[in-house]
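Below, chains carry the letters A, B, ... as their sequence lines are ordered, and counting in each starts from 1.
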Amino acid sequence: MLSFPAPSVYQASKCFVTYGVMGHLEPKQPPTKGKPWATLTSQDFIHSADLILPQEAFEVVNAALLTARPAPEFKKVTMSLQDIVTGPFFAEYIKKVGDVLMLSGGRRGIDNVYSLKHGVLTLFLDKEAYERAGLVGKPDGVKGKRGLKPRWVVELDLKGNSMFTGKKGFDRLVYAAKNALNTPVTWLFCNASSTTPNPDPLAQHSPSNVTSTPKVSQNINVAMPVLHPEVEFLTSGHREDLESFSTDIYEWLSLVRLQSPRVRPEDQIDPFLCRYQAPEAGQARLCKISWQGFLTPSWSRQILIDVVTAIPTNTWFSLSTTTFSKGMARDNSECTILRSPGLGGEYIMWEVRGHE
Amino acid sequence: MESRKPKDQPIAAVLLGRAFEPDEANRIFTEKIQQRPLFLTPSSPPPSNLRAARQRAREKKIAQRKKALKPKPLSASQRRKLGLYDVPREGQKYAIFEPLHNLWLGYMREVLGGEIYTGGEGAAAKLASAEFHGAEVEVVRSGCVSRVGIKGIVIKDSKFAFEIITRENRLKLVPKEGTVFRLEVPVPARERDGHQETATAKQDQPSSMVIEIHGEQFQYRSADRASKKFRSHFSKTL
(Lines give C-alpha, C1' and ligand atoms only; values in the text may rest on other atoms or scores of the structure.)
Protein backbone atom coordinates (compact mmCIF):
# COMPACT_ATOMS: atom_id res chain seq x y z
CA MET A 1 0.00 0.00 0.00
CA LEU A 2 2.46 2.61 1.15
CA SER A 3 5.86 2.23 -0.39
CA PHE A 4 8.78 4.14 0.90
CA PRO A 5 10.77 6.07 -1.69
CA ALA A 6 14.13 4.67 -2.70
CA PRO A 7 16.85 5.99 -0.43
CA SER A 8 18.76 8.87 -1.88
CA VAL A 9 21.74 8.77 0.39
CA TYR A 10 24.08 5.98 1.31
CA GLN A 11 22.51 3.56 3.75
CA ALA A 12 24.48 1.09 5.81
CA SER A 13 23.84 -2.62 5.45
CA LYS A 14 20.95 -4.02 7.45
CA CYS A 15 20.65 -7.34 9.19
CA PHE A 16 17.30 -9.11 9.25
CA VAL A 17 16.80 -11.80 11.90
CA THR A 18 14.26 -14.56 11.47
CA TYR A 19 13.33 -17.25 13.94
CA GLY A 20 11.49 -20.21 12.55
CA VAL A 21 11.02 -23.93 12.38
CA MET A 22 12.37 -26.02 9.54
CA GLY A 23 9.81 -28.40 8.23
CA HIS A 24 10.40 -32.00 7.48
CA LEU A 25 12.59 -32.50 4.44
CA GLU A 26 11.40 -34.76 1.68
CA PRO A 27 14.55 -36.12 0.04
CA LYS A 28 12.94 -36.40 -3.38
CA GLN A 29 11.48 -32.91 -3.42
CA PRO A 30 13.99 -30.35 -2.32
CA PRO A 31 12.20 -27.36 -0.82
CA THR A 32 12.36 -24.07 -2.65
CA LYS A 33 9.77 -21.93 -0.95
CA GLY A 34 9.80 -20.85 2.64
CA LYS A 35 12.18 -18.89 4.66
CA PRO A 36 15.61 -20.46 4.84
CA TRP A 37 15.48 -21.96 1.34
CA ALA A 38 14.12 -18.98 -0.54
CA THR A 39 16.64 -16.66 1.06
CA LEU A 40 19.49 -18.91 0.08
CA THR A 41 18.39 -19.06 -3.52
CA SER A 42 17.80 -15.34 -3.71
CA GLN A 43 21.47 -14.57 -3.29
CA ASP A 44 23.20 -14.03 -6.57
CA PHE A 45 26.83 -15.16 -6.67
CA ILE A 46 28.31 -16.75 -3.59
CA HIS A 47 31.94 -16.16 -2.78
CA SER A 48 32.43 -18.19 0.35
CA ALA A 49 30.48 -20.59 2.51
CA ASP A 50 31.26 -21.78 6.05
CA LEU A 51 29.80 -24.70 7.93
CA ILE A 52 30.37 -24.96 11.68
CA LEU A 53 29.55 -28.17 13.52
CA PRO A 54 30.29 -29.86 16.79
CA GLN A 55 33.27 -32.15 16.42
CA GLU A 56 31.18 -35.23 17.12
CA ALA A 57 29.14 -34.72 13.99
CA PHE A 58 32.13 -34.33 11.73
CA GLU A 59 32.40 -37.97 10.66
CA VAL A 60 28.83 -38.15 9.43
CA VAL A 61 29.08 -34.88 7.56
CA ASN A 62 32.39 -35.86 6.07
CA ALA A 63 30.88 -38.98 4.61
CA ALA A 64 27.74 -37.29 3.36
CA LEU A 65 29.13 -34.06 1.98
CA LEU A 66 32.80 -34.20 1.33
CA THR A 67 33.37 -37.67 0.04
CA ALA A 68 30.02 -38.38 -1.55
CA ARG A 69 29.81 -35.20 -3.59
CA PRO A 70 32.51 -33.67 -5.78
CA ALA A 71 33.89 -30.30 -4.82
CA PRO A 72 32.31 -27.39 -6.73
CA GLU A 73 34.22 -26.28 -9.77
CA PHE A 74 34.27 -23.06 -11.71
CA LYS A 75 36.29 -21.62 -14.56
CA LYS A 76 38.13 -18.41 -15.16
CA VAL A 77 38.07 -17.32 -18.77
CA THR A 78 38.91 -14.17 -20.73
CA MET A 79 36.26 -13.36 -23.30
CA SER A 80 34.60 -10.34 -24.75
CA LEU A 81 30.85 -9.76 -24.62
CA GLN A 82 30.70 -10.47 -28.32
CA ASP A 83 31.90 -14.06 -27.78
CA ILE A 84 29.08 -14.60 -25.32
CA VAL A 85 26.32 -13.13 -27.38
CA THR A 86 27.22 -14.64 -30.73
CA GLY A 87 28.58 -17.91 -31.89
CA PRO A 88 28.51 -21.40 -30.43
CA PHE A 89 28.66 -20.18 -26.82
CA PHE A 90 25.35 -18.42 -27.18
CA ALA A 91 23.68 -21.28 -28.99
CA GLU A 92 24.91 -23.99 -26.63
CA TYR A 93 25.28 -22.56 -23.19
CA ILE A 94 22.69 -19.85 -23.10
CA LYS A 95 19.95 -21.23 -25.27
CA LYS A 96 20.28 -24.96 -24.67
CA VAL A 97 21.87 -25.45 -21.29
CA GLY A 98 20.40 -22.30 -19.82
CA ASP A 99 21.59 -22.47 -16.25
CA VAL A 100 24.96 -20.79 -16.40
CA LEU A 101 26.28 -18.17 -14.04
CA MET A 102 28.89 -15.68 -15.14
CA LEU A 103 30.37 -12.64 -13.53
CA SER A 104 32.90 -10.29 -15.01
CA GLY A 105 35.75 -8.71 -13.12
CA GLY A 106 35.53 -5.18 -11.81
CA ARG A 107 33.89 -3.16 -9.08
CA ARG A 108 30.30 -2.23 -9.65
CA GLY A 109 30.38 1.45 -8.93
CA ILE A 110 33.56 2.12 -10.83
CA ASP A 111 34.10 -0.26 -13.75
CA ASN A 112 31.71 -1.76 -16.24
CA VAL A 113 30.53 -5.04 -14.77
CA TYR A 114 28.51 -7.65 -16.63
CA SER A 115 26.72 -10.60 -15.08
CA LEU A 116 24.69 -13.46 -16.41
CA LYS A 117 22.23 -15.35 -14.22
CA HIS A 118 19.23 -17.47 -15.23
CA GLY A 119 19.66 -16.25 -18.80
CA VAL A 120 19.39 -12.60 -17.82
CA LEU A 121 22.35 -10.51 -18.88
CA THR A 122 22.84 -7.47 -16.67
CA LEU A 123 25.25 -4.72 -17.67
CA PHE A 124 26.32 -2.15 -15.11
CA LEU A 125 27.68 0.71 -17.20
CA ASP A 126 28.97 4.19 -16.69
CA LYS A 127 27.54 7.09 -18.65
CA GLU A 128 29.88 6.98 -21.61
CA ALA A 129 29.59 3.24 -22.14
CA TYR A 130 25.81 3.43 -21.89
CA GLU A 131 25.56 6.26 -24.40
CA ARG A 132 27.82 4.45 -26.81
CA ALA A 133 26.10 1.10 -26.43
CA GLY A 134 22.65 2.25 -27.44
CA LEU A 135 20.75 -0.24 -25.27
CA VAL A 136 17.86 0.98 -23.19
CA GLY A 137 18.43 0.77 -19.46
CA LYS A 138 17.49 2.24 -16.10
CA PRO A 139 19.42 4.66 -13.93
CA ASP A 140 21.52 3.00 -11.28
CA GLY A 141 22.54 4.28 -7.91
CA VAL A 142 21.32 6.91 -5.52
CA LYS A 143 19.15 9.59 -7.03
CA GLY A 144 20.94 12.44 -5.38
CA LYS A 145 23.97 12.24 -7.60
CA ARG A 146 22.12 12.04 -10.92
CA GLY A 147 23.49 15.14 -12.49
CA LEU A 148 27.18 14.46 -12.28
CA LYS A 149 27.99 11.07 -13.72
CA PRO A 150 24.97 8.84 -13.55
CA ARG A 151 25.41 5.13 -13.95
CA TRP A 152 23.05 2.84 -15.80
CA VAL A 153 21.84 -0.76 -15.58
CA VAL A 154 20.80 -2.63 -18.70
CA GLU A 155 18.93 -5.91 -18.28
CA LEU A 156 18.31 -8.25 -21.14
CA ASP A 157 16.65 -11.63 -21.09
CA LEU A 158 18.73 -13.74 -23.44
CA LYS A 159 16.46 -16.73 -23.21
CA GLY A 160 13.46 -14.90 -24.60
CA ASN A 161 11.88 -15.55 -27.96
CA SER A 162 13.09 -12.29 -29.40
CA MET A 163 16.74 -12.99 -28.81
CA PHE A 164 17.75 -14.45 -32.12
CA THR A 165 19.86 -13.10 -34.95
CA GLY A 166 17.78 -10.93 -37.22
CA LYS A 167 15.52 -9.55 -34.55
CA LYS A 168 15.93 -5.85 -33.94
CA GLY A 169 16.51 -5.94 -30.19
CA PHE A 170 19.08 -8.69 -30.46
CA ASP A 171 20.86 -6.96 -33.32
CA ARG A 172 21.22 -3.86 -31.20
CA LEU A 173 22.84 -5.97 -28.49
CA VAL A 174 25.22 -7.49 -31.00
CA TYR A 175 26.08 -4.04 -32.36
CA ALA A 176 26.78 -2.80 -28.84
CA ALA A 177 28.93 -5.83 -28.06
CA LYS A 178 30.89 -5.37 -31.27
CA ASN A 179 31.45 -1.62 -31.15
CA ALA A 180 31.00 -0.18 -27.69
CA LEU A 181 31.60 -2.96 -25.16
CA ASN A 182 34.21 -4.83 -27.12
CA THR A 183 37.10 -5.12 -24.67
CA PRO A 184 37.76 -8.65 -23.46
CA VAL A 185 37.25 -9.07 -19.72
CA THR A 186 37.95 -11.86 -17.28
CA TRP A 187 34.87 -13.84 -16.37
CA LEU A 188 34.08 -16.38 -13.70
CA PHE A 189 31.96 -19.10 -15.24
CA CYS A 190 29.96 -21.75 -13.47
CA ASN A 191 27.77 -24.32 -15.14
CA ALA A 192 25.06 -25.04 -12.60
CA SER A 193 23.42 -27.78 -14.58
CA SER A 194 24.88 -31.22 -15.05
CA THR A 195 25.06 -31.23 -18.85
CA THR A 196 28.06 -29.98 -20.75
CA PRO A 197 27.80 -29.46 -24.48
CA ASN A 198 30.19 -31.42 -26.58
CA PRO A 199 32.31 -29.91 -28.21
CA ASP A 200 32.70 -27.33 -25.48
CA PRO A 201 32.45 -23.82 -26.97
CA LEU A 202 34.35 -22.52 -24.00
CA ALA A 203 37.44 -24.48 -24.92
CA GLN A 204 38.55 -22.07 -27.63
CA HIS A 205 38.98 -19.31 -25.06
CA SER A 206 41.26 -21.50 -22.95
CA PRO A 207 39.56 -21.39 -19.57
CA SER A 208 41.43 -22.25 -16.42
CA ASN A 209 39.57 -24.67 -14.16
CA VAL A 210 39.49 -23.94 -10.47
CA THR A 211 38.14 -26.31 -7.86
CA SER A 212 37.03 -24.92 -4.54
CA THR A 213 38.14 -27.76 -2.31
CA PRO A 214 36.73 -27.43 1.18
CA LYS A 215 39.14 -26.53 3.93
CA VAL A 216 38.54 -28.39 7.15
CA SER A 217 39.74 -27.24 10.55
CA GLN A 218 39.03 -29.65 13.34
CA ASN A 219 39.10 -29.69 17.12
CA ILE A 220 38.66 -26.02 17.75
CA ASN A 221 38.22 -25.46 21.45
CA VAL A 222 35.72 -22.74 22.14
CA ALA A 223 33.64 -21.39 24.92
CA MET A 224 30.05 -22.16 24.04
CA PRO A 225 27.08 -19.98 24.76
CA VAL A 226 23.52 -21.20 25.05
CA LEU A 227 22.30 -21.55 21.51
CA HIS A 228 18.65 -21.87 22.27
CA PRO A 229 16.65 -18.73 22.92
CA GLU A 230 14.44 -18.69 25.98
CA VAL A 231 10.80 -19.24 25.28
CA GLU A 232 9.80 -15.85 26.62
CA PHE A 233 12.09 -14.11 24.13
CA LEU A 234 9.86 -15.28 21.34
CA THR A 235 6.72 -13.63 22.66
CA SER A 236 5.73 -10.30 21.30
CA GLY A 237 6.75 -8.07 24.15
CA HIS A 238 10.37 -9.17 24.38
CA ARG A 239 11.79 -7.82 21.18
CA GLU A 240 14.87 -6.28 22.77
CA ASP A 241 15.70 -9.55 24.52
CA LEU A 242 15.51 -11.44 21.27
CA GLU A 243 17.58 -8.75 19.60
CA SER A 244 20.35 -8.86 22.18
CA PHE A 245 20.34 -12.65 22.23
CA SER A 246 20.59 -12.95 18.48
CA THR A 247 23.28 -10.25 18.29
CA ASP A 248 25.39 -12.07 20.86
CA ILE A 249 25.03 -15.38 19.08
CA TYR A 250 25.84 -13.81 15.72
CA GLU A 251 28.90 -12.15 17.14
CA TRP A 252 30.08 -15.41 18.64
CA LEU A 253 29.47 -17.28 15.39
CA SER A 254 31.38 -14.70 13.38
CA LEU A 255 34.35 -14.98 15.73
CA VAL A 256 34.29 -18.75 15.43
CA ARG A 257 34.23 -18.43 11.65
CA LEU A 258 37.27 -16.22 11.80
CA GLN A 259 38.85 -18.71 14.20
CA SER A 260 39.59 -15.85 16.50
CA PRO A 261 41.51 -16.50 19.70
CA ARG A 262 38.94 -14.44 21.61
CA VAL A 263 36.45 -17.32 21.77
CA ARG A 264 38.97 -19.78 23.22
CA PRO A 265 38.13 -20.80 26.75
CA GLU A 266 41.58 -19.99 28.09
CA ASP A 267 41.78 -16.56 26.48
CA GLN A 268 43.12 -13.81 28.71
CA ILE A 269 43.26 -10.48 26.98
CA ASP A 270 43.58 -7.08 28.48
CA PRO A 271 40.17 -5.43 28.29
CA PHE A 272 41.92 -2.31 27.07
CA LEU A 273 42.74 -4.10 23.82
CA CYS A 274 39.53 -6.02 23.36
CA ARG A 275 36.25 -5.59 25.18
CA TYR A 276 34.69 -8.81 23.95
CA GLN A 277 34.04 -11.38 26.59
CA ALA A 278 33.39 -14.91 25.52
CA PRO A 279 30.26 -16.50 26.95
CA GLU A 280 30.80 -18.66 29.96
CA ALA A 281 28.15 -21.26 29.52
CA GLY A 282 30.47 -24.14 28.73
CA GLN A 283 33.16 -25.51 26.48
CA ALA A 284 33.01 -27.54 23.33
CA ARG A 285 35.07 -28.69 20.42
CA LEU A 286 33.97 -27.55 17.01
CA CYS A 287 35.00 -28.14 13.46
CA LYS A 288 34.72 -25.78 10.56
CA ILE A 289 34.42 -26.57 6.84
CA SER A 290 34.78 -23.69 4.44
CA TRP A 291 34.52 -23.33 0.66
CA GLN A 292 35.70 -20.34 -1.30
CA GLY A 293 35.20 -19.65 -4.98
CA PHE A 294 32.44 -18.91 -7.42
CA LEU A 295 29.52 -20.89 -6.00
CA THR A 296 25.93 -21.02 -7.02
CA PRO A 297 22.96 -20.51 -4.69
CA SER A 298 21.51 -23.84 -5.75
CA TRP A 299 24.69 -25.48 -4.50
CA SER A 300 24.42 -23.80 -1.12
CA ARG A 301 20.81 -24.88 -0.84
CA GLN A 302 21.86 -28.43 -1.63
CA ILE A 303 24.52 -28.27 1.07
CA LEU A 304 21.93 -27.19 3.60
CA ILE A 305 19.62 -30.03 2.62
CA ASP A 306 22.47 -32.53 2.86
CA VAL A 307 23.55 -31.32 6.27
CA VAL A 308 20.04 -31.39 7.64
CA THR A 309 19.46 -34.91 6.42
CA ALA A 310 22.88 -36.19 7.43
CA ILE A 311 23.38 -35.11 11.02
CA PRO A 312 21.27 -36.30 13.94
CA THR A 313 18.31 -34.13 14.80
CA ASN A 314 19.44 -32.77 18.11
CA THR A 315 22.82 -31.55 16.90
CA TRP A 316 23.25 -27.92 16.07
CA PHE A 317 25.07 -26.54 13.06
CA SER A 318 25.56 -23.21 11.37
CA LEU A 319 25.86 -22.49 7.67
CA SER A 320 26.80 -19.04 6.34
CA THR A 321 27.12 -17.92 2.76
CA THR A 322 28.67 -14.65 1.66
CA THR A 323 28.21 -13.13 -1.77
CA PHE A 324 30.53 -11.08 -3.92
CA SER A 325 30.68 -7.44 -2.97
CA LYS A 326 28.39 -5.18 -4.92
CA GLY A 327 29.72 -1.74 -4.34
CA MET A 328 32.82 0.24 -3.76
CA ALA A 329 32.55 -0.11 0.00
CA ARG A 330 32.92 -3.88 -0.25
CA ASP A 331 29.55 -4.51 1.33
CA ASN A 332 28.66 -8.12 0.71
CA SER A 333 25.35 -9.63 1.52
CA GLU A 334 25.37 -12.66 3.71
CA CYS A 335 23.00 -15.27 4.99
CA THR A 336 23.73 -17.21 8.17
CA ILE A 337 21.50 -20.04 9.41
CA LEU A 338 21.89 -21.61 12.82
CA ARG A 339 19.86 -24.66 13.67
CA SER A 340 19.43 -24.78 17.40
CA PRO A 341 20.13 -27.97 19.33
CA GLY A 342 16.94 -29.66 20.32
CA LEU A 343 14.26 -31.73 18.75
CA GLY A 344 12.18 -28.92 17.36
CA GLY A 345 14.18 -28.18 14.23
CA GLU A 346 14.14 -24.51 15.12
CA TYR A 347 16.52 -22.16 13.40
CA ILE A 348 17.62 -18.56 13.52
CA MET A 349 18.56 -16.87 10.29
CA TRP A 350 20.54 -13.66 9.95
CA GLU A 351 20.36 -12.00 6.58
CA VAL A 352 22.70 -9.08 6.01
CA ARG A 353 21.84 -7.03 2.99
CA GLY A 354 23.40 -3.93 1.53
CA HIS A 355 20.91 -1.35 0.35
CA GLU A 356 21.77 -1.60 -3.33
CA MET B 1 7.64 98.30 -11.55
CA GLU B 2 4.69 99.12 -9.34
CA SER B 3 5.50 98.44 -5.84
CA ARG B 4 2.72 96.21 -4.71
CA LYS B 5 2.67 94.21 -1.66
CA PRO B 6 4.19 90.77 -2.23
CA LYS B 7 0.78 89.25 -1.49
CA ASP B 8 -0.80 90.86 -4.50
CA GLN B 9 1.99 90.02 -6.92
CA PRO B 10 1.76 86.74 -8.85
CA ILE B 11 4.01 84.01 -7.46
CA ALA B 12 6.20 83.94 -10.58
CA ALA B 13 7.02 87.61 -10.22
CA VAL B 14 7.88 87.11 -6.57
CA LEU B 15 10.27 84.29 -7.34
CA LEU B 16 11.87 86.17 -10.20
CA GLY B 17 12.22 89.16 -7.92
CA ARG B 18 14.31 87.04 -5.60
CA ALA B 19 16.66 85.93 -8.34
CA PHE B 20 17.12 88.98 -10.48
CA GLU B 21 17.24 92.72 -10.22
CA PRO B 22 13.81 94.37 -10.32
CA ASP B 23 14.16 95.64 -13.95
CA GLU B 24 15.43 92.31 -15.18
CA ALA B 25 12.74 90.41 -13.25
CA ASN B 26 10.06 92.62 -14.77
CA ARG B 27 11.39 92.10 -18.29
CA ILE B 28 11.52 88.33 -17.92
CA PHE B 29 8.06 88.26 -16.40
CA THR B 30 6.46 90.23 -19.19
CA GLU B 31 8.28 88.66 -22.11
CA LYS B 32 8.45 85.05 -21.11
CA ILE B 33 5.44 84.54 -18.90
CA GLN B 34 2.76 87.14 -19.54
CA GLN B 35 3.27 87.42 -23.25
CA ARG B 36 4.23 83.83 -23.83
CA PRO B 37 2.98 82.61 -27.22
CA LEU B 38 0.51 79.76 -26.84
CA PHE B 39 0.34 77.50 -29.88
CA LEU B 40 -3.14 76.27 -30.41
CA THR B 41 -2.33 73.52 -32.88
CA PRO B 42 1.37 72.78 -32.32
CA SER B 43 1.78 69.97 -34.86
CA SER B 44 -0.30 71.29 -37.64
CA PRO B 45 1.18 70.28 -40.96
CA PRO B 46 2.58 72.84 -43.22
CA PRO B 47 0.08 73.90 -45.81
CA SER B 48 0.40 71.54 -48.74
CA ASN B 49 0.99 72.54 -52.21
CA LEU B 50 0.42 70.37 -55.22
CA ARG B 51 4.07 69.88 -55.99
CA ALA B 52 4.89 68.48 -52.56
CA ALA B 53 1.85 66.24 -52.69
CA ARG B 54 2.88 64.76 -56.06
CA GLN B 55 6.43 64.11 -54.80
CA ARG B 56 5.13 62.36 -51.74
CA ALA B 57 2.86 60.09 -53.82
CA ARG B 58 5.78 59.15 -56.10
CA GLU B 59 8.05 58.17 -53.16
CA LYS B 60 5.35 56.07 -51.57
CA LYS B 61 4.83 54.13 -54.81
CA ILE B 62 8.54 53.38 -55.11
CA ALA B 63 8.72 52.12 -51.53
CA GLN B 64 5.75 49.81 -52.03
CA ARG B 65 7.24 48.39 -55.21
CA LYS B 66 10.51 47.66 -53.39
CA LYS B 67 8.66 45.94 -50.58
CA ALA B 68 6.78 43.74 -53.01
CA LEU B 69 10.05 42.71 -54.68
CA LYS B 70 11.74 41.73 -51.38
CA PRO B 71 9.76 38.83 -49.91
CA LYS B 72 9.70 37.97 -46.22
CA PRO B 73 11.16 34.61 -45.21
CA LEU B 74 8.65 31.82 -44.78
CA SER B 75 7.59 30.79 -41.31
CA ALA B 76 8.05 27.21 -40.22
CA SER B 77 4.42 26.22 -40.66
CA GLN B 78 4.37 27.78 -44.13
CA ARG B 79 7.47 25.84 -45.05
CA ARG B 80 5.96 22.61 -43.83
CA LYS B 81 2.74 23.22 -45.71
CA LEU B 82 4.53 24.03 -48.95
CA GLY B 83 6.70 20.96 -48.52
CA LEU B 84 9.67 22.62 -50.19
CA TYR B 85 12.24 20.55 -48.35
CA ASP B 86 10.50 17.20 -48.52
CA VAL B 87 12.17 14.48 -50.50
CA PRO B 88 9.60 12.77 -52.73
CA ARG B 89 8.91 9.10 -52.20
CA GLU B 90 10.66 8.09 -55.46
CA GLY B 91 13.68 10.07 -54.42
CA GLN B 92 14.14 8.33 -51.08
CA LYS B 93 16.59 5.78 -52.37
CA TYR B 94 20.06 5.25 -51.03
CA ALA B 95 21.32 4.39 -54.51
CA ILE B 96 20.49 7.87 -55.77
CA PHE B 97 22.75 9.49 -53.21
CA GLU B 98 25.72 7.21 -53.57
CA PRO B 99 27.25 9.23 -56.42
CA LEU B 100 26.87 12.30 -54.24
CA HIS B 101 28.77 10.48 -51.55
CA ASN B 102 31.60 9.69 -53.94
CA LEU B 103 31.74 13.34 -54.95
CA TRP B 104 31.93 14.25 -51.31
CA LEU B 105 34.80 11.84 -50.73
CA GLY B 106 36.71 13.47 -53.55
CA TYR B 107 35.94 16.90 -52.14
CA MET B 108 37.08 15.86 -48.69
CA ARG B 109 40.38 14.50 -49.97
CA GLU B 110 40.91 17.75 -51.78
CA VAL B 111 40.06 19.85 -48.74
CA LEU B 112 42.26 17.89 -46.37
CA GLY B 113 45.14 17.41 -48.73
CA GLY B 114 48.21 16.16 -46.97
CA GLU B 115 46.61 16.30 -43.56
CA ILE B 116 44.53 13.27 -44.33
CA TYR B 117 47.53 11.19 -43.31
CA THR B 118 48.37 13.05 -40.14
CA GLY B 119 45.15 14.49 -38.80
CA GLY B 120 45.39 16.87 -35.88
CA GLU B 121 44.68 20.55 -35.43
CA GLY B 122 45.05 21.62 -39.02
CA ALA B 123 42.71 18.95 -40.27
CA ALA B 124 40.23 19.87 -37.56
CA ALA B 125 40.20 23.51 -38.60
CA LYS B 126 39.57 22.60 -42.22
CA LEU B 127 36.85 20.16 -41.28
CA ALA B 128 35.05 22.67 -39.12
CA SER B 129 34.25 24.83 -42.13
CA ALA B 130 33.78 21.97 -44.56
CA GLU B 131 30.52 20.91 -46.13
CA PHE B 132 28.89 17.67 -45.01
CA HIS B 133 26.14 17.11 -47.51
CA GLY B 134 26.80 13.69 -48.95
CA ALA B 135 28.94 12.44 -46.09
CA GLU B 136 28.28 8.97 -44.74
CA VAL B 137 27.79 9.39 -41.01
CA GLU B 138 27.14 6.93 -38.24
CA VAL B 139 25.74 7.90 -34.87
CA VAL B 140 28.23 6.60 -32.38
CA ARG B 141 27.16 8.07 -29.07
CA SER B 142 23.98 9.80 -28.04
CA GLY B 143 22.10 10.91 -24.98
CA CYS B 144 19.04 9.34 -26.55
CA VAL B 145 20.20 5.75 -26.87
CA SER B 146 17.82 4.71 -29.63
CA ARG B 147 19.73 6.90 -32.09
CA VAL B 148 22.97 4.97 -31.72
CA GLY B 149 23.75 2.94 -34.81
CA ILE B 150 21.94 5.06 -37.40
CA LYS B 151 24.14 5.09 -40.47
CA GLY B 152 23.59 6.75 -43.82
CA ILE B 153 24.28 9.63 -46.16
CA VAL B 154 23.56 13.21 -45.11
CA ILE B 155 21.08 14.83 -47.42
CA LYS B 156 20.31 17.90 -45.35
CA ASP B 157 22.51 19.67 -42.85
CA SER B 158 20.31 22.13 -41.00
CA LYS B 159 21.08 24.15 -37.92
CA PHE B 160 20.04 21.60 -35.32
CA ALA B 161 19.78 18.29 -37.13
CA PHE B 162 21.10 16.04 -39.84
CA GLU B 163 18.70 14.42 -42.25
CA ILE B 164 20.12 11.05 -43.14
CA ILE B 165 19.03 8.42 -45.63
CA THR B 166 19.88 4.90 -44.53
CA ARG B 167 20.72 1.89 -46.63
CA GLU B 168 17.19 0.59 -46.12
CA ASN B 169 15.91 3.70 -47.92
CA ARG B 170 14.57 5.29 -44.77
CA LEU B 171 14.86 8.97 -44.04
CA LYS B 172 15.98 9.75 -40.50
CA LEU B 173 16.15 13.16 -38.90
CA VAL B 174 18.82 12.99 -36.20
CA PRO B 175 19.15 15.99 -33.86
CA LYS B 176 22.69 17.14 -33.30
CA GLU B 177 22.22 17.78 -29.58
CA GLY B 178 24.09 15.38 -27.33
CA THR B 179 25.09 13.19 -30.26
CA VAL B 180 28.48 12.22 -31.64
CA PHE B 181 28.74 11.38 -35.33
CA ARG B 182 31.50 9.41 -36.97
CA LEU B 183 32.67 9.80 -40.57
CA GLU B 184 35.24 7.84 -42.48
CA VAL B 185 37.28 9.06 -45.41
CA PRO B 186 39.26 6.36 -47.19
CA VAL B 187 42.85 7.38 -47.54
CA PRO B 188 44.44 7.10 -50.97
CA ALA B 189 47.65 5.15 -51.13
CA ARG B 190 50.64 7.40 -50.77
CA GLU B 191 53.16 7.56 -53.62
CA ARG B 192 56.76 8.17 -52.71
CA ASP B 193 59.28 9.20 -55.33
CA GLY B 194 56.96 8.06 -58.05
CA HIS B 195 57.18 4.35 -57.09
CA GLN B 196 54.06 2.46 -56.07
CA GLU B 197 53.90 1.16 -52.54
CA THR B 198 54.72 -2.46 -51.99
CA ALA B 199 52.07 -4.68 -50.47
CA THR B 200 53.68 -4.88 -47.04
CA ALA B 201 54.10 -1.14 -46.73
CA LYS B 202 50.45 -0.61 -47.65
CA GLN B 203 49.32 -2.69 -44.69
CA ASP B 204 51.07 -0.37 -42.26
CA GLN B 205 49.10 2.64 -43.39
CA PRO B 206 45.61 3.15 -41.94
CA SER B 207 43.01 2.60 -44.60
CA SER B 208 40.75 5.50 -43.67
CA MET B 209 40.67 8.65 -41.63
CA VAL B 210 38.04 8.56 -38.92
CA ILE B 211 36.43 11.85 -37.93
CA GLU B 212 34.17 12.31 -34.95
CA ILE B 213 31.88 15.31 -34.78
CA HIS B 214 30.38 16.43 -31.50
CA GLY B 215 26.97 17.60 -32.59
CA GLU B 216 26.52 19.65 -29.44
CA GLN B 217 29.20 22.09 -30.62
CA PHE B 218 28.17 21.84 -34.23
CA GLN B 219 24.72 23.42 -34.08
CA TYR B 220 25.19 25.95 -36.85
CA ARG B 221 23.92 26.11 -40.40
CA SER B 222 26.50 24.97 -42.88
CA ALA B 223 26.56 28.43 -44.44
CA ASP B 224 27.26 30.07 -41.09
CA ARG B 225 29.91 27.52 -40.20
CA ALA B 226 32.21 28.63 -42.99
CA SER B 227 33.17 31.81 -41.20
CA LYS B 228 32.89 30.46 -37.66
CA LYS B 229 36.01 30.08 -35.59
CA PHE B 230 35.68 27.03 -33.37
CA ARG B 231 37.33 27.12 -30.01
CA SER B 232 37.75 24.04 -27.90
CA HIS B 233 35.31 24.10 -25.01
CA PHE B 234 35.29 21.93 -21.93
CA SER B 235 32.19 19.78 -22.17
CA LYS B 236 30.33 18.99 -18.99
CA THR B 237 28.46 16.06 -20.44
CA LEU B 238 31.36 14.10 -21.84
- Message: Nearest 0.5 Å, please: how far is CZ in B:Arg147 from CD in A:Glu131?
- Response: 10.5 Å

- Query: What distance do B:Arg141 atom CZ and A:Tyr130 atom OH have between them, rounded to the nearest 0.5 Å?
  - Reply: 12.5 Å

- Message: Looking at every heavy atom in both B:Val145 and A:Arg172, which two are closest together, and how far apart are they?
- Response: O-NH2, 3.0 Å

- Item | Nearest atoms (heavy-atom pairs only) where A:Tyr175 meets B:Val139 |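 So the two residues come closest at OH-O, 3.8 Å.
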
Tell me whether the count of non-hydrogen atoms from other residues, nucleotides or ligands lying under 6.0 Å of [atom1] in [X] goes above 12.
X	atom1	answer
B:Tyr85	OH	no
A:Lys159	NZ	yes
A:Lys95	NZ	yes
B:Asp224	CG	yes
B:Glu177	CD	no

- Item | Which atoms of A:Ala133 approach chain B - backbone, side chain, both or neither, heavy atom under 4.5 Å |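 The answer is the backbone of A:Ala133.
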
